[in-house]
Structures are given as C-alpha cells and as structure tokens.
Amino acid sequence: MIRVSLAEVAQTVTDGGRGLGLPPGQAAGLGAAAVWLCSMGLNGCQAALCALWQVEQVSRLPEKIDTARTGEHLVFRDDPLAYSALAACDMAVAGASDGPPSESVIDGCDSPLLVLGYAGVAADRCGAPMLLSASGRPLAWTDGSRACVTEGIENLPPSTNASVRSVRETPRIPTGIWTSRAWDGHRPAQMEWDRLKDYAALSRVKSSESSRLTGAGAGSDEPD
Amino acid sequence: MGTSEGQAVTVALRPHGLVMRLGRMGAFHPTRLSFTRSLVRALGEPGCGIRRTLWQVDGRGHGRAVYEARMAGQPFSLCCFAHELDPRMRTDRVIAEAWDSSYVLFDGVPGPDDLERLSANAPLQEAGRFGAHDLVLSRANKSVRLFDHVVESLSEGKQPDTGMVGSVGYLMRTTAVYGNGKFGLSDRGRYAARPGLSAPFRLEMLAVYLIRRFTHDLVEHIARERSPEGACELCRDLRRHVGIGNATGLGMAPFLVSHPELINNWMEARETALARVRSVRRADPGTAEGFLRVARRAAAHTEEWEVADDRQSARILRLREELSELLGTADEEWLGRPFPWNRVARWSEERSDEMQELAVSLVLEPNGPLVDDLCERMSAGPPAGLDPAMTLGELSAIFAERFGWALDVDFDDPGEQSRFWYVSEEKLEPRLGDRHREPGADKELRLDTARMAQSLQRRLAAHDERKRVAEFLLAEPGQRHMVERVQRGAAHPYGEIQDNLIGRSSLPIDMLRCKLSFFGASKFDPKSDLWTRITLFQGAPLADELWKPDADDWSFPVIGARNTGTA
C-alpha cells in the first residue's frame, strides 16, 4: 500500500472529477468528501472511485437534480452521487435551519460511505451534526471533527436506501466505533490510487511544442 | 472612518475595489509583515537557534549536509544534497529533471535511515515520494556566474567583486519550494496548530533561509578545499547581502484565486496596518528618523534595482524620481505635523502605483510595535463552505457588494476571453493557452471568475429571491462553485482579484509579484509576462546575528551599507 497525503487525495479526486466533466463545485465537493473520510481513517479513495465511475457511465451529466417529496422525506433518484449526495446534504442542512429536521433519502445509493463523507463536510462547515441511516437503521453520526461509525460501513451492498438528516442530539449507534480527524495521510490500495490518477490525468492538457513555448518559465534558460 | 481591534483608527481601510486590481497588486513591495520578516523575528526569540549538525561535502561541493533550526521549542532539520549537474540540464523550468542541489526540511532530527531515504528521493523531486515527517521539498540551481566567481575569489584569498554580488544577489536560486502534502509531504493540517507554525509559509520560508546558509558554507568550503592555505571566508557584509534567488512562474497564479480567505487575510492585515499607521496623530522623533533612514535606504536599493524588462525598467526609473522627490519633501518639520504617515500616503496618491505601494512599506517600517501583531492574522483555516440555508436575496446582496466589478467585463468582445489557464500533462505545469488557437479549453482551470460571476447573475435573475441556495442548486447544480465563492466573499472583502484573468490584456506577472511581495521578495526581475526572478533574504541577518536588537532592520538592503547594523 502506498501512503498519500490528504492534499494529494483532495487534488487527485478533484482533478478526476474535473477530468470527467463534473462542474467545479461538484468536483471540489467530491474531493472534500474523500479527504474527510480519509482523515477519519475511512476509505475515501474507494468511495470517490465509486462516484467517479458513476460519472463515467452516464452519457450526459444532469442539468438539474430531480427530487420527489414523500411525507417528511425528500427523495433523490438516479443522479450520480457526486450530484445527489451533495445536494441531499445541502437540503438536510437547509431544512434544519428553519424548521424541524427534514430527511434526505438517496434511493438506491451505491456508496453510503460517500454520503457520510459529504455529511461530514457539511457538519464540519455548517456546525450541524448529521446522522446517516440506511433503511431506517442508524449507520453513522458526525459533528464534522469526530464520528461514530457502524463497523462494516465500507462494505455495505450497493443500492442501499441511504438517508441523511441534521440532528441536534447525539444518537446511539449500535456497534458504533468512534473516530476523530487525523492528518497522517491515507493508505489506499495501489490499484485504487492508480485508477484515481488515471481519472485525474483526464483533466490535463497534452503537451505540445507550442504549449511548451508559452508555459511558465519559457525562455528561462537565460544564464545569470 | 473606522475602527480596528486593539488600536483606535481614524483613517478607513482602502477599499477593496482600489486594492484588488491587478495593476496595483503588481506594484506591491515587501513590508515588515512579509513572511521572511516575521520568520526572522521569530528566529530571534529566546530558545531559537541554528547549527550545522552534519557536513559531508567533497572538494567539488558535492555531498550532504544537515542544519538544525530550533523554533518555538521544536527542532527542524534541513537536509541538503548537492550534486553534479550537466550544465545543459540546468533550467529554472518546472519541467527540469535535474538540479545542482535538493533539499528536504525534516520534522525533528533525522536518523541515518531518514537521511538515506531522503538522499534517494530528494534529487528526484516531483518523481520522489516523501513521508509525514518531511515538511518541505525544494531544489536550487547555481548562479553559475556568481558562484564560480565567489569560489575563485575566496580561494585566492580575495573578496568577490562587490558589483557582481550586488547585480546577481544570490549564489543559488530555488526553482520550486513545495509543501502542504505535495508528493506525500506532511499536510499543513498536521503541524499548523503547533506554536509558532501558524503563519503562512512559515516552514517554507525557514527552509529557504537555511538553504541560504548552506550556499554560504558551500562556496567557502570549495574555496578552502581548493586552496587550504590561501583561502579566506566571505566577509560578513557580503555574506549578509547574498540571499537566495528564486524563479517563479505561473504556478503561483492559480493559488491566489483558489485561496480567497487566505489572500483576504494577507491583504486585510496589510491594509489594517496601513490604516493604523495613517491614524497616528504625532510621530515621535525616533520613528520619524527611522522612516527617513529607511526611505533613504529604499532610494539606494532602487538605484541598485536593474532589470532588462522595458516595462519594469520604466517603472523603476519613475520610482527613483519619485523617491528623490519624497526625500526632498519629507523633512523633520514635514513629518512633525499632525498625521505624518497619512500625509506620506496622501502625497503618494498623486504618484505612480509603484510609489504608492512603496509608501505603504515605508510608513509601516518604523511602526513595528503598532502593526506586527497583524502577522498573527495572516493565516486562514479551512473555508467556511456553502451555506445552503441562505436565501437568494441574501446571496444577491453579497454579489452586488463584492462582485459588481465582474459585470463590467464585456465578454462579447472575443479578446476578453482569449486565454485559458490549464495544467499540462508535462509535470503538471500550469500554462496559459490561446482559446482561439490551442486545444485544451475544455479542461481549463476555473480562474475565469468574472465570467462565472456573470453566468451566476443571469441564473439568479430567473429565480425567486426567497428561495434558498439549496433549492436553487437543485435547479442549477453547475452554479455551485460560484455560489460558494460569493458566500465566502461576504466576510472576505479582499479575497477576489477584481480583474478578468482570461482577457488579452491580463498580466499574470502582476499576480506573481503580489504573492512574492508577501513572501518578502525583493529585486523583482520579470523575464516575461509569465515568470520572474526575485531574491529572498537579501540583507537578512546571519544565524549568529538573529538575536541582536536591530536584527529586524534589514528592509531594502543595499550592498556595502550595514543596513542591519549588525556587523
């Protein structure tokens, strides 16, 4: 396993998103979610790969995000997680700010772990603790700087119905393991990291003789 | 009128619409708030010290050395590796693959295994891998002309030619100084909360200061090896005047755009310092004398500032005339009137941007006790992030206050979007392309803030202002980046460069100079619109002078002048 810094995770995942055509806000959001997970000792690279793979599969990225309201639940469907999970956390935070906590549900979520990453970033930046559940069962709670996470969250089957909501109390998570942020880097599997780098490479422009001549420092061979 | 924490202020901060223009930012000079200056002050505090702990260098100057710096009770070690370099491979560009020397600043004291690991990886630079205890990575090339001349002179028992030392100013120049997680280095978050390390680029500047010491030791060592009996040491005045060169290109430019909070804090500290000083009713005689001494030194420094670039040469010529005019005007009587520093600032408003911004540096210089605390405000934590509960009405109000400038750009004019910023696959070098002639615009870096702002404004107009941002982004997910940027602007008035960065007339060199001035760089020597050479730590006290009372008095160094007073 290779050790990478969190800055490398952020840059590589964000560039991967850009390379696949994600708008800059969604690309940066995915990078931040991956870093948050890695800083908590969770596999943010694997979660980011899942999101990037989804983006790669769609023929056209959405121009808007479709939702349906079911009772207190706002249900997100079909869109890549890089769109829907980010928007679900936005709506959960916005809903909590001016009324009773509302719940955003991502129907058929391929990576509840990634949703936790977005929820962690939202909790950290907005000061709103978040609870992640799957089919009504609490999976994780976070206030941004620490988290209580159900063992095995990284290995949940795809197409889980994941929901996220802002909470005021600290709920009890059965078999939950507490973790807090650390800055010692992350150790992704080599294959995962290589795949992320492949995606990131899509954001770079092929070099040519003319671009070399207009690059920073062109002509800088002048002796002094 | 305004107030500022800790100090009654009667003069308001200069408006962001005036300060955050590229033309003005490209006229900044280093100030006493610059990071090299605050580092030197920190190194002079009790308990700090620098010593050489390893020296394994052969007669040709190849080998390894370690310097240990103790700062805020913590040891940091610069591991230096000097190599043979084929002269044909010596280039300042990021795309270079070999250098005269390479460096790693290590967190603590490296053991033999650490040194072996670093000696294998540091020379590879971007192709190497580094660990959580490796803080900063750098490399430097010789100024062949000066390096060889100094070695030759010292080996003959003579001091080098003062004019040549003055015109070059450094024995080596760094071509990159990497930190914050690059290539596996420690993330800044791992150490930023430690005492003494919160200042921006504190460890990067420490590494450069120690590299300077290594270059001084290296020339003396080679000279001594060449002539054990006849060689002499570099005299203290020249040693102090020899800084570290740096070649800087476009890589710095995206940083200014992608860190609006940080840039705001740098600018706000500088503007707050200026406002505090301008609000001083009476200058005591010592401060007035200090101002005149620094102004005279700045005039002499400017006389030494020679560049080949026509545009900058013309600016320097005008600056010399204006400085001369200032020195003819600002006598003790003039400075003895009420609000002397405000008078200097007002006087400069009728002069060039270079003079106006030099005046900022000059009036801050003798007023350290009034402004130095602002160095503590120049760092920034993680960005606040999107506020999804904000209404579009609130967002539009911030937009109008902070981004109105962006609406003045006419993007129907093809020239206003003729360029695009991108990252080349070749060593990830940032480049600037011609949108109408080169491929790659589909992968452009989003430095087109003005264009994105106009797009957001058009979309906002189509939605009810009572709608919340979270709902707006369901309908307009592509606007997320700009929405977040506008929100961040609310508390950060100096966070945006208020110019179109993809227009034909935009000059990236202005961004570079702004950032480098905050580093403390002097002798800006633009080589094109895209890159510049500068000098860091020229005139800075040597390691055994850091504790002296006047060790902080090294702005606008002049060769031969004992401007630090520490000789």
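Remember, predicted model here, so these are calculated numbers, not experimental data. Protein chains get the first letters and strands the later ones, always in sequence-line order, with residue 1 at the start of each.
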Chain B contact via [X] - which portion, at a heavy-atom distance below 4.5 Å:
X	result
Leu61(A)	neither
Arg18(A)	side chain
Thr67(A)	side chain

Note to self: Between Arg190(B) and Ser5(A), does the side chain to side chain donor-acceptor pair (under 3.5 Å) criterion hold? Intermediate values first, please.
What the structure shows: CA-CA 10 Å; Arg190(B) 186 176 158 272; Ser5(A) 69; over 6 Å; no
Margin query: Salt bridge check, Glu484(B) against Arg125(A): does any charged N sit closer than 4.0 Å to a carboxylate O?
Written below: yes
Note to self: Regarding Asp90(A) and Arg480(B), does a basic nitrogen lie under 4.0 Å from an acidic carboxylate oxygen?
What the structure shows: yes
Checklist line | Contacting region of Leu428(B) [heavy-atom separation from chain A under 4.5 Å] | finding: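 The answer is the side chain of Leu428(B).
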Check: Can you say whether Arg485(B) sits under 4.5 Å from chain A via the side chain, the backbone, both, or neither, judging by heavy atoms?
Finding: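 For Arg485(B), no heavy atom lies under 4.5 Å from chain A.
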Note, [X] side chain near [Y] side chain (heavy atom, < 4.5 Å):
X	Y	result
Pro388(B)	Cys89(A)	no
Arg446(B)	Pro24(A)	yes
Pro477(B)	Ile65(A)	yes
Leu474(B)	Tyr83(A)	no
Lys182(B)	Glu8(A)	no

